[in-house]
Amino acid sequence: QVQLVESGGGSVQAGGSLRLSCKASENTYSTYYMAWFRQAPGKEREGVAIISRHDAVPIYADSVKGRFTISQDNAKNTLYLQMNNLKPEDTAMYYCAAGRVFWLRSSGYDYWGQGTQVTVSS
């Protein structure tokens, strides 16, 4: 059973930055693809970014391209999401997930963290 624990959320003003972290209980990166999702109140869960375990090539949702960067530190079993130029529409609960699928749909992911809240004010 893989456990994922997110941290780094908070409240910022528009244009600010946050760095989210997701600590895994074991080395997930040799087995799973790692991704970030978010869910705002009343909306469906949305894929934000995913990184390939093979070559670290990332895929981003169009809404965050050029502003967010996903990365991983395999030695620390930690996934990151650097978020710059934040906008009010980025406000959501952010989740990391581990799965055997390489896409930004929530189906097919085996493990989820508990989430960390990001709130961006205008």
Let me have the donor-acceptor pairs involving side chains of residues 14-26, under 3.5 Å, with sequence neighbours excluded, atom names and distances please.
| unit_1 | atom_1 | unit_2 | atom_2 | d |
| --- | --- | --- | --- | --- |
| Ser17 | OG | Asn84 | OD1 | 3.0 |
| Lys23 | NZ | Lys76 | O | 2.6 |
| Ser25 | OG | Gln3 | N | 2.9 |

Next item on the list: Spell out, yes or no, whether Ile51 and Val48 are grouped together once hydrophobic residues are joined by side-chain heavy atoms under 4.5 Å, including indirect joins.
Entry: yes

Next item on the list: Not counting sequence neighbours, list each pair that qualifies as a disulfide bond (SG atoms under 2.5 Å apart) and has a residue in residues 28-57.
Entry: none

Item checked: Leu4 versus Val2, closest heavy-atom pair with distance -> CD2-CG1, 3.9 Å

Checklist line | Interatomic spacing from CD in Glu89 to OG in Ser63 - rounded to 0.5 Å | finding: 9.0 Å

Margin query: Tell me every residue that passes side-chain hydrogen bond (donor to acceptor under 3.5 Å, both in side chains) with Gln39, counting only those two or more places apart in sequence or in another chain.
Written below: Arg45

Margin query: Can you confirm whether Val118 sits close enough to Met83 that some side-chain heavy atom of one is under 4.5 Å from a side-chain heavy atom of the other?
Written below: yes

Next item on the list: State the CD1-OH distance between Ile59 and Tyr33, to the nearest 0.5 angstrom.
Entry: 9.5 Å

Note to self: Using the side-chain hydrogen bond (donor to acceptor under 3.5 Å, both in side chains) criterion, which residues pair with Lys65? Sequence neighbours excluded.
What the structure shows: Asp62

Residues 99-111 side chain polar contacts: donor-acceptor under 3.5 Å, at least two apart:
| unit_1 | atom_1 | unit_2 | atom_2 | d |
| --- | --- | --- | --- | --- |
| Arg100 | NH2 | Tyr32 | OH | 3.3 |
| Trp103 | NE1 | Arg105 | O | 3.2 |
| Trp103 | NE1 | Ser107 | O | 2.9 |
| Tyr109 | OH | Trp103 | O | 2.6 |

Margin query: Tell me which pairs pass ring pair (Phe, Tyr, Trp, His ring centres under 6.0 Å) where either residue lies in residues 60-99, with sequence neighbours left out.
Written below: none

Notebook entry, point to check: Does Leu81 belong to the same Ile/Leu/Val/Met/Phe/Trp/Tyr cluster as Ile50, with side-chain heavy atoms less than 4.5 Å apart forming each link?
Noted result: no

Next item on the list: Name all residues meeting the side-chain hydrogen bond (donor to acceptor under 3.5 Å, both in side chains) criterion together with Asn77; count only those two or more places apart in sequence or in a different chain, and write none if there are none.
Entry: none

Next item on the list: Output every pair passing disulfide bond (SG atoms under 2.5 Å apart) with a member in residues 29-72, not counting sequence neighbours, ordered by first then second residue.
Entry: none

Next item on the list: Over all heavy atoms of both residues, which pair between Gln114 and Val5 is shortest? Give the atoms and the distance, please.
Entry: OE1-CA, 3.7 Å

Notebook entry, point to check: From Asp90 CG over to Thr119 OG1, what is the distance, rounded to the nearest 0.5 angstrom?
Noted result: 11.0 Å

Notebook entry, point to check: Taking only residues at least two apart or on different chains, which pairs with a member in residues 40-76 satisfy disulfide bond (SG atoms under 2.5 Å apart)?
Noted result: none

Item checked: Heavy-atom pair of closest approach, residues Ala98 and Met34 -> CB-SD, 3.6 Å

Notebook entry, point to check: So, Thr116 side chain and Gly9 main chain: donor-acceptor pair closer than 3.5 Å or not?
Noted result: yes

Next item on the list: State which residues pass salt bridge (Lys or Arg N to Asp or Glu O under 4.0 Å) with Glu46; sequence neighbours excluded, sorted by chain then number.
Entry: Arg38

Item checked: Residues that Ser122 engages under side chain to side chain contact (heavy atoms under 4.5 Å, CB included), provided they are two or more places apart -> Pro88

Next item on the list: Using atom types as modelled and distance alone, determine if a side-chain donor or acceptor of Glu6 lies under 3.5 Å from a backbone N or O of Cys96.
Entry: yes

Next item on the list: Please identify each residue that fulfils side chain to side chain contact (heavy atoms under 4.5 Å, CB included) with Ser121, with sequence neighbours left out.
Entry: Gln13

Check: Run the side-chain contact (heavy atoms from CB on, under 4.5 Å) check on Ile70 and Leu79 step by step: do they pass?
Finding: CA-CA 7 Å; Ile70 187 172; Leu79 180 74; 3.9 Å; yes

